[in-house]
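Numbers restart at 1 for each chain; the letters A, B, ... are given by sequence-line order, proteins then strands.
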Amino acid sequence: MARSNEAEAFFYAVYSAVQEIPYGKVTSYGHIAKLVGFPERPRQVGVCLKHLPIDPQARHNNYNVPWQRVINSKGVVSPRSQPSGSQIQATALRAEGISVQTGALGELTVDLAEYGWFPRVLPSAVDEDDDMSEQ
DNA sequence: ATATTGACCTTTT
DNA sequence: AAAAAGGCCAATA
């Protein structure tokens, strides 16, 4: 089964990375992509998560994967196809104590400064370099 | 079989 | 400052 060994590895890597997200924290698709070693493929991360809770035995599904903790880089829950889906995700996030604000257009925004989880991947890129613009 | 879409991100106007 | 374009590749049409 599976498509290719490469694709399967990517799926599993993504699921593992998502499982690393602490409870009550969120991260972005792009960061997950970086963690698995493919910073240029954030969209495929979404493809992987889309497969998750739908079919229990369709593909490498894993109910232990907290897909809800993955949002886009703007700190907004991805609207996805149906508006209800984002609401479900927002509800799940609130259940973890994450504050999700609803915009006028139904945009579900999360404060990345508070709930964002972005561990640095690079081994030794910057050490004593003080970042002054952080917020 | 080819063509378009999409739970996105970065770089470039 | 905001908007457009490019890129990526599995899944769907």
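- Taking atom CG on A:L35 and atom C1' on B:dC8, their separation rounds to 15 Å, with Å as the unit.
- The number of heavy-atom neighbours closer than 6.0 Å to CD of A:Q101, taken from other residues, nucleotides and ligands shown, is above 12.
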Dot-bracket for DNA chain C, please. Rules: Watson-Crick or G-U, both distances under 3.5 Å, ( ) within the strand, [ ] when a pair crosses earlier ones, | for another strand, . otherwise. .||||||.|||||
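- Remark: A:S28 is not in phosphate contact with B:dC8, judged by side-chain N or O atoms under 4.0 Å from OP1 or OP2.
- Here B:dA7 is the nucleotide among B:dC8, B:dA7, C:dA10 with the atom lying nearest to any side-chain atom of A:Q89.
- No salt bridge links A:K25 with A:E96; every basic N to acidic carboxylate O contact stays at or beyond 4.0 Å.
- With hydrogens and angles disregarded, a donor-acceptor distance shorter than 3.5 Å links the side chain of A:Y15 to the backbone of A:C48.
- The backbone N or O of A:P42 lies less than 3.5 Å from no partner atom in the side chain of A:K34, so there is not a single donor-acceptor pair.
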Polar atom pairs (N or O), protein with nucleotides 6-9 of chain C, under 3.5 Å:
{"unit_1": "C:dC8", "atom_1": "O4'", "unit_2": "A:E40", "atom_2": "O", "d": "3.4"}
{"unit_1": "C:dC8", "atom_1": "O3'", "unit_2": "A:R41", "atom_2": "NE", "d": "2.9"}
{"unit_1": "C:dC9", "atom_1": "OP1", "unit_2": "A:R41", "atom_2": "NE", "d": "3.1"}
{"unit_1": "C:dC9", "atom_1": "OP1", "unit_2": "A:R41", "atom_2": "NH2", "d": "2.8"}
{"unit_1": "C:dC9", "atom_1": "O2", "unit_2": "A:Q44", "atom_2": "OE1", "d": "2.7"}

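- Atom C1' of B:dA7 sits at a distance of 23 Å from the matching atom of C:dA3, rounded to the whole Å.
- For the pair A:F38 CZ and B:dC9 P, the computed distance is 18 Å after rounding to whole Å.
- In this entry the distance linking NZ of A:K50 with P of C:dA11 reads 8 Å, nearest Å.
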